[in-house]
Amino acid sequence: SINPVTRAAISIEYASLRHNKHCPTGMYITPSTESMLVWDAVLFVHKGYYAGSVLKFVMSFPDNYPERLPTVRLLTDVFHPLVATQTGLFNLTARFRPWRPKEHHIHDILHFVKAAFKEPTLDKINEVDAVNKEAFK
């Protein structure tokens, strides 16, 4: 069973996506039917290098969320410096180092994921954060 604090935090985060500008434009999210610790999502990229891409991803919450950062794993194959080639794991620590549970929220993660597919953010990625060195070049 899910820790009550985690259950409450995830429920509040999901409900907050209704607020203006919380859920990025072109991104759609739904909790998995199997577990509230997993959200299924899709991002439609309209501009930049990845324009026309439809990127499916899964956000998974640890049992002790919000103390620990969730993970984002892309299900769509994508050549990107922050996406591990073998696993599809998206390197969130490039932006959330350290994760601050009182300051950082799911909408911050979603906006970072979207921004990472646009030039300004892509151009600022540090090599140390690039989990796909080939895509970093």
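- Cluster membership check: Val83 does not share its hydrophobic cluster with Val131, using side-chain heavy-atom separations under 4.5 Å among Ile, Leu, Val, Met, Phe, Trp and Tyr.
- Pairing each heavy atom of Thr121 with each of Ala116, the nearest pair is CG2-CA, 3.8 Å.
- Counting only distance, with no hydrogens or angles, the side chain of His104 and the backbone of Arg100 share a donor-acceptor pair below 3.5 Å.
- No continuous path of hydrophobic side-chain contacts links Leu89 to Leu122 [ILVMFWY only; heavy atoms under 4.5 Å].
- Listed for the Asn126 side chain is no donor-acceptor partner under 3.5 Å among the backbone atoms of Val128.
- Here the rule is side-chain hydrogen bond (donor to acceptor under 3.5 Å, both in side chains) with Asp129, and of Arg97, Lys124, Arg95 only Arg97 fits it.
- In terms of modelled atom types and a separation under 3.5 Å, the side chain of Thr76 and the main chain of Lys56 share a donor-acceptor contact.
- More than 12 heavy atoms of other residues, nucleotides or ligands shown are found within 6.0 angstrom of NZ on Lys133.
- Remark: side-chain polar atoms of His22 are not paired, donor with acceptor, to backbone N or O of Ala15 under 3.5 angstrom.
- Between His105 and His107, the two ring planes are parallel [angle under 30°; tilted spans 30° to 60°].
- Relative orientation of the Tyr65 and Trp99 rings is tilted, given thresholds of 30° and 60° on the angle between their planes.
- In this structure, CG in Leu37 is found 8.0 Å from CZ in Phe61, a value given to the nearest 0.5 Å.
- Annotation: the span from Asn91 atom CG to Phe96 atom CZ amounts to 11.0 Å, rounded to 0.5 Å.
- With hydrogens and angles ignored, the 3.5 Å screen pairs no side-chain donor or acceptor of Asp40 with any backbone N or O of Val58.
- Atom CG of Asp77 sits in a sparse spot, with 12 or fewer heavy atoms from other residues, nucleotides or ligands closer than 6.0 Å.
- In this structure, the side chains of Phe112 and Leu82 come closer than 4.5 Å at one or more pairs of heavy atoms.
- The backbone N or O of Asp63 lies less than 3.5 Å from a partner atom in the side chain of Thr6, making a donor-acceptor pair.
- Side-chain contact between Ser53 and Val78: absent, with no pair of heavy atoms (C-beta onward) separated by less than 4.5 Å.
- A heavy-atom distance below 4.5 Å is not found between the side chains of Trp39 and Thr30.
- Residues Leu110 and Leu17 meet the side-chain proximity criterion, which asks for heavy atoms closer than 4.5 Å.
- To the nearest 0.5 Å, atom CD1 of residue Ile2 and atom OG of residue Ser11 are 8.5 Å apart.
- The NZ atom of Lys114 lies 12.0 Å from the CG atom of Leu55; values are rounded to the nearest 0.5 Å.
- Ring-plane geometry between Phe117 and Tyr50 is classed as perpendicular, the angle between the planes exceeding 60 degrees on a 0 to 90 degree scale with a lower cut at 30.
- In this structure, CG in Leu43 is found 8.5 Å from CG in Leu74, a value given to the nearest 0.5 Å.
- What you find for Pro62 and Pro70 is that their closest heavy atoms are CD-CA, 3.8 Å.
- Summarising the geometry of Ala9 relative to Pro66, their closest heavy-atom pair is CB-CD, 3.9 Å, with the distance given to 0.1 Å.
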Open item on the list: Does Tyr14 form a side-chain contact (heavy atoms from CB on, under 4.5 Å) with Ile106? I'd like the steps, not just the answer.
Closed with: CA-CA 8 Å; Tyr14 186 74; Ile106 299 309; over 6 Å; no
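- Other cluster members for Val54: Tyr28, Val42, Phe44, joined by side-chain heavy-atom distances under 4.5 Å among Ile, Leu, Val, Met, Phe, Trp and Tyr.
- The side-chain heavy atoms of Phe136 and His80, taken from C-beta on, include no pair separated by under 4.5 Å.
- In this structure, CZ in Phe79 is found 7.5 Å from OG1 in Thr85, a value given to the nearest 0.5 Å.
- With sequence neighbours excluded, the residues that form a side chain to side chain donor-acceptor pair (under 3.5 Å) with Arg68 are Asn64.
- No side-chain heavy atom of Val38 sits less than 4.5 Å from a side-chain heavy atom of Pro31.
- Contacts of Arg73 classified as salt bridge (Lys or Arg N to Asp or Glu O under 4.0 Å), with partners at least two apart in sequence or in another chain: none.
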